[in-house]
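Only heavy atoms go into these numbers, but all of them, side chains included; no hydrogens, no water, no symmetry mates.
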Amino acid sequence: MSVNPARVSQLGSETQRPTMAEIIERLSRFDGPPEQFLVNLLAVQCHLASADGGAILRVSPAGPGQSPGANPPPGGNVEVLAVYPPPAQGAAAPVWLAQSAELAPQVIASGKPDVKPLHNAQDLYGAPANQNVILLPLRGGSGVQGLAAFVVTTSDQQVLDAARERLELTLSLLSLYEMRLTLQQRQGDLTRLRLAMETTAAVNEQDRFAGAAMALCNEVSSRWKCDRVSLGFLKGRYVHLKAMSHTEKFSRKMKLVQDIESAMEETLDQDVEVAYPAEPEATFVHRASAELSKRHGPTAVVNLPLRRDGEVASVVTLERPVDQPFRLDEIEALRLTIDLVTPRLVNMHRQDRWFGARAAGAVGDGLGALVGPKHTWIKVAGIGVFAAALFLILAKGDYRAEATFVLEPVAQQVLPAPFEGFLKQVYVRPGDLVVGAGDREKPSWLLTEDGVASWPVLLAALRRQGSDESPQAQAGKRIWSLLSEPTRRKIVASTSTDPNDAVKMALAGVAEPVRKAVLDDINGLLISKAFYDADAWADSTLSDRQRHLLDTPAARLKGDRLVELNRSLLAAALPGIVGPGPTVLGTLATVELRLELKSAEAEWHGYRKQMDAAMREDKRADAQIAQARADQVAAKMELLAHKIARAVIVASMDGYVISGDLRKQLGAPVKTGDVLFEVAALADLQAELSVPEDLIADVQAAFEREKEAGGELGGELATTARPDERISFVVERINPVAEVVEQSNIFKVRVRLLSTPSIFRPGMEGLGKVDIDRRSYGYIWTRRMINWVRMKLWI
């Protein structure tokens, strides 16, 4: 709690004191400062209620989270606005005042009057208090505003109640005073508004800037009783004086004009109102205004900035006698007037300039908006668009022609039906790996050096399995037992059970005599019917073809079929070491051919007998006829034997079956030339790009350019199955004739893959990109649109 003795005063002593009615009448018409009114009111109230003293208290304003009109919380800071009678200078606050300050927040929060007993130190314990503090809340338009506290010395409750009633009645004087202050403030606001509107009307009557500026200066000078009013506008970095009250012509070389412009620039630089003489607590610089006042006065000076769009565009300077300084209400009225006339005055100043000045000003405003601190996001967007345009024009990227593609095998073999007959067996399905025979006319299943993956491993496996008693090694043991003794000795001499020797032998290789001896011995076994033993191959996995051959009667299992069976059994006994022979894809029925062959053989023998009889009888003509007929039948027999051999269908190349699932057509008739199987070598694939016609010109030009330079046109492709894996390729050929695919013209471009992943299969599709050259991103991204516009507008 703080007491401000400066706010405390007493009622002036007079020779003849006025009556109470006269005092109340004077208070009702009092128009002085609020501090003096509160002290006088307290004096009157204390006199009416026979109170020993009184005080007006106020709790500090609302804190964070509390609305301004809400009742203050208990425990707030209490300020003493007035006290009667005033305490002595430097004296401590009375006890009743301290207690009132402690109780003020509670009473203000409750909003109800309260009476509290006041005990002195001399009072006996348990005795009633002789003094009481009456606490009365002071209400305003927004709630409880403060508290009035009075100390009354009495122990009579009726006297105390009567005093409280008188005090409550006199509180209405405070409300009347507040209403009178509000009315005076509104009247002042109306007066300022009237002055501003009249000045604005005078300025708006003018059509040109010079007239409007002079009207403003004259009106302000007249209504605010100024000796001189000047208006200056910013031009470049300095302020130029444009109008002066009651002065038609003036020169910028005049000392007065220069001093006025200096004061205006001082205001413009600080962007605040500058007044002289200034208040002691003023923080603005007023050196130039002080020089103006001293040299051309002394005068009271005030400089007001005219702001347009938040920036100072002009300054008005007012001067009048120094004994008439500008009051706060006058400055507020001037501020309102200036704010009203600024938009029109600034616009007229800009429009009244000659064409060149207006153009320069527009350019300057544009540049100012461009490099100024406003419209940040628009400028960022503009910079981004400009940077994007530069990037599209100057930055270059890889220009590629996009096209879909289909994988195709480089080498592909079609296996048709060799003769008209019936489909007997099918041993493969699409996707199966087949081993080619090299020569389809004369396929051989005998073992060659190319059929052995590693000779040291083969010899070591034969020796190891020859002494192994496990069921899995019975087939190898069978082969070892069928080898000749010299061959077994050579194998033993060429191998070792020591791992180090085995490694050395693998590095050094196997001698040619040993390889030849083993190869001849094994091929001798392959043509032998004694090679197969059911117990030896009981634990081996046999294919359908092997089972069919094993089910063939022993009399018919001979020649190539016997070698084929034995070679497959050898590969089953030594998997990964000895490769299988040519894969049989299927077979045709040969029963009719074999019967026909038997018939032809019988016919051939008959003609041979006729020829021998004619020769014995020296019938040369008949002998020649019989010889010719025998030769004709022999040719027919060769043809039938050839057909029977061709009934076993094999491929001439290694690869995968890509078509020919005929297992459901066993026994079906086939005609000569009907396609039964297709085999493709997957290790060597090529792709066929479908380039759109709007890109083929660029691809053709790039292909010719690389061809002339001795290079190859390349690119990359990715399949739909593996879009993350890029495969490089080179262009081999461009089909010069377009094809229509899905109502669009495309050109086929054949490309060669530089690598072939194992996942690639014929028929896979994806997207390929042919490297053309490096061009700007703007051209790459807008090429199609530009070409479309050119075709539509024919430009």
Side-chain angles (χ1 to χ4, degrees), residues 1-12 23 27 33-61 71-123 127-140 144-157 159-171 173-174 177:
M1 179 187 69
S2 60
V3 178
N4 188 358
R7 293 183 176 179
V8 183
S9 65
Q10 291 181 338
L11 289 172
I23 294 175
L27 284 177
E35 294 84 356
Q36 186 177 357
F37 175 81
L38 292 177
V39 174
N40 294 338
L41 177 62
L42 287 175
V44 172
Q45 290 176 319
C46 290
H47 181 72
L48 289 176
S50 301
D52 297 336
I56 302 295
L57 309 177
R58 181 179 63 185
V59 178
S60 59
N71 292 329
N77 296 327
V78 178
E79 181 184 3
V80 178
L81 299 181
V83 63
Y84 178 84
Q89 186 71 26
V95 177
W96 66 271
L97 185 57
Q99 185 175 356
S100 300
E102 294 178 359
L103 298 174
Q106 300 178 2
V107 177
I108 292 176
S110 65
K112 298 179 180 179
D114 197 3
V115 178
K116 298 292 183 181
L118 180 63
H119 293 276
N120 295 323
Q122 296 80 11
D123 293 343
N130 292 327
Q131 288 184 325
N132 294 275
V133 178
I134 301 175
L135 304 173
L136 303 176
L138 301 178
R139 301 182 181 275
V144 178
Q145 300 293 326
L147 180 72
F150 300 92
V151 57
V152 178
T153 303
T154 181
S155 58
D156 190 348
Q157 185 63 34
V159 174
L160 188 61
D161 292 341
R164 189 183 69 178
E165 292 177 358
R166 295 190 188 98
L167 293 173
E168 290 178 351
L169 290 175
T170 56
L171 289 179
L173 293 175
L174 181 59
Y177 179 72

> If you compare all heavy atoms of Gly54 against all heavy atoms of Cys46, which two are closest, and at what distance to 0.1 Å?
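Distance-wise, the nearest heavy atoms are N-SG, 3.6 Å.
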> Shortest non-hydrogen contact from Val152 to Ala163?
CG2-CB, 4.5 Å
> Output, in order, the C-alpha distance, side-chain angles, deciding distance and verdict of side-chain contact (heavy atoms from CB on, under 4.5 Å) for Val115 and Leu160.
CA-CA 9 Å; Val115 178; Leu160 188 61; 3.6 Å; yes
> To the nearest 0.5 Å, what is the distance between CD (Glu102) and CG (Leu57)?
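The CG atom of Leu57 is 11.5 Å from CD of Glu102, to the nearest 0.5 Å.
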> Under the rule for side-chain hydrogen bond (donor to acceptor under 3.5 Å, both in side chains), what residues qualify as partners of Ser50, not counting sequence neighbours?
none
> Would a 4.5 Å heavy-atom cut-off, applied to side chains only, mark Ile134 and Pro113 as touching?
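The answer is no, as the side chains (C-beta and beyond) never meet within the 4.5 Å cut-off.
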> What residues, two or more places apart in sequence or in another chain, satisfy side chain to side chain contact (heavy atoms under 4.5 Å, CB included) together with Asp161?
Gln157
> Starting at CG of Leu147, measure out to CG of Leu135 and round the result to the nearest 0.5 Å.
5.0 Å
> Find the distance between CZ (Phe150) and CD1 (Ile56) and round it off to the nearest 0.5 Å.
5.5 Å
> Identify the heavy atoms of Gln131 and Asp52 that sit nearest to each other, and give their distance.
NE2-OD2, 3.6 Å
> Which heavy atom of Pro117 sits nearest a heavy atom of Gln99, and at what distance?
O-NE2, 3.6 Å
